Amino acid sequence: VQLQASGGGLVQAGGSPRLSCAASGRTFSNYATGWFRQAPGKERDFVAVISRSGGTTVYADSVKGRFTISRDNAKNTVDPQMNSLKPEDTAVYYCAETTNSGLYYPGSYDYWGQGTLVTVSS
């Protein structure tokens, strides 16, 4: 059971990187996939979640209208497209999977990737 997040790096404000989370070791479509982020010295915060089928997505207010999350169950990937980045979006971004409810809370997730750092310069 593994999750691999990628796509982070140094981005200028206003940039549009695309992250990716690749899963292996289980039936990917059995899990909802969430993204969280953690800035230095802060708690891990909810960013977005996508349902098992991909038919439902929910976003944090802080990223709504700027981030779009999608999934490809044939490829076992979930990809958030991040647009109009701001310096306050700087954080380590984590993908996670769950079969539980309470999808906005890190404690509800069963499996976590290692995180990918996104640094937004002004």
Side-chain angles (χ1 to χ4, degrees):
V1 175
Q2 286 189 331
L3 291 173
Q4 181 75 34
S6 61
L10 178 62
V11 183
Q12 287 191 336
S16 300
R18 186 177 183 93
L19 304 184
S20 185
C21 179
S24 62
R26 62 197 169 282
T27 304
F28 183 65
S29 59
N30 286 348
Y31 297 84
T33 304
W35 281 84
F36 291 78
R37 66 186 182 185
Q38 189 165 17
K42 296 189 177 181
E43 296 184 347
R44 192 168 295 189
D45 291 331
F46 170 76
V47 174
V49 62
I50 187 167
S51 63
R52 293 175 295 174
S53 67
T56 301
T57 54
V58 180
Y59 300 91
D61 288 343
S62 59
V63 306
K64 196 174 296 181
R66 300 188 297 123
F67 290 13
T68 303
I69 189 170
S70 60
R71 71 186 297 149
D72 186 335
N73 285 341
K75 296 181 179 179
N76 287 4
T77 59
V78 172
D79 297 344
Q81 175 66 51
M82 309 163 70
N83 298 317
S84 304
L85 283 184
K86 307 173 183 179
E88 51 263 44
D89 293 317
T90 295
V92 177
Y93 285 74
Y94 298 89
C95 59
E97 293 189 340
T98 185
T99 58
N100 301 316
S101 58
L103 298 177
Y104 307 152
Y105 305 102
S108 298
Y109 286 77
D110 302 308
Y111 306 106
W112 289 84
Q114 85 289 358
T116 184
L117 175 62
V118 176
T119 303
V120 185
S121 63
S122 58

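As the structure is a computational prediction, the values presented were derived from the model and not from experiment. Computed from heavy atoms alone, side chains included, the values below leave out hydrogens, waters and symmetry copies.
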Legend entry - Heavy-atom side-chain proximity of L3 to Y94 below 4.5 angstrom: no
Legend entry - 4.5 Å side-chain heavy-atom contact, S62 and K86: no
Inset, instruction - Give the C-alpha distance, both sets of side-chain angles, the deciding distance and a yes or no for side-chain contact (heavy atoms from CB on, under 4.5 Å) between R37 and D89. - result: CA-CA 9 Å; R37 66 186 182 185; D89 293 317; 2.8 Å; yes
Measure the spacing between [atom1] of [X] and [atom2] of [Y] and express it to the nearest 0.5 Å.
| X | Y | atom1 | atom2 | value |
| --- | --- | --- | --- | --- |
| Y111 | C95 | OH | SG | 14.0 Å |
| Q4 | N76 | CD | CG | 13.5 Å |
| T33 | F28 | OG1 | CZ | 4.0 Å |
| R26 | Q2 | CZ | CD | 9.0 Å |
| T98 | N30 | OG1 | CG | 12.0 Å |

Got a list of side-chain donor-acceptor pairs under 3.5 Å for residues 41-49, not counting sequence neighbours?
from : atom 1 : to  : atom 2 : distance (Å)
R44  : NE     : Q38 : OE1    : 3.2
R44  : NH2    : Q38 : OE1    : 3.3

Is the side chain of [X] donor-acceptor paired with the backbone N or O of [Y] at a distance under 3.5 Å, no angle test?
| X | Y | value |
| --- | --- | --- |
| Q114 | A5 | yes |
| T90 | V120 | yes |
| R66 | S84 | yes |
| R71 | S51 | yes |
| S108 | G102 | yes |

Inset, instruction - Would you please test V78 and I50 for side-chain contact (heavy atoms from CB on, under 4.5 Å) and show each step? - result: CA-CA 8 Å; V78 172; I50 187 167; 4.0 Å; yes
To check you understand the geometry: which heavy-atom pair defines the closest contact between [X] and [Y], and what is its length?
| X | Y | result |
| --- | --- | --- |
| S122 | A13 | CA-CB, 4.3 Å |
| V118 | G8 | CG2-CA, 3.9 Å |
| A91 | L117 | O-CD1, 3.5 Å |

Legend entry - The single option from Y93, Y104, Y105, Y109 passing ring-ring contact (aromatic ring centres under 6.0 Å, His included) against F36: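 Of the listed residues Y93, Y104, Y105, Y109, the ring-ring contact (aromatic ring centres under 6.0 Å, His included) partner of F36 is Y109.
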Legend entry - Hphob cluster co-occupancy, W112 + V92, side-chain heavy atoms under 4.5 angstrom: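 Yes, W112 and V92 fall within the same hydrophobic cluster.
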Legend entry - Same apolar cluster: L85 and L19, side chain cutoff 4.5 Å: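 Yes, L85 and L19 fall within the same hydrophobic cluster.
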Legend entry - side chain to side chain contact (heavy atoms under 4.5 Å, CB included) partners of S20, counting only residues at least two apart: S6, T77, D79
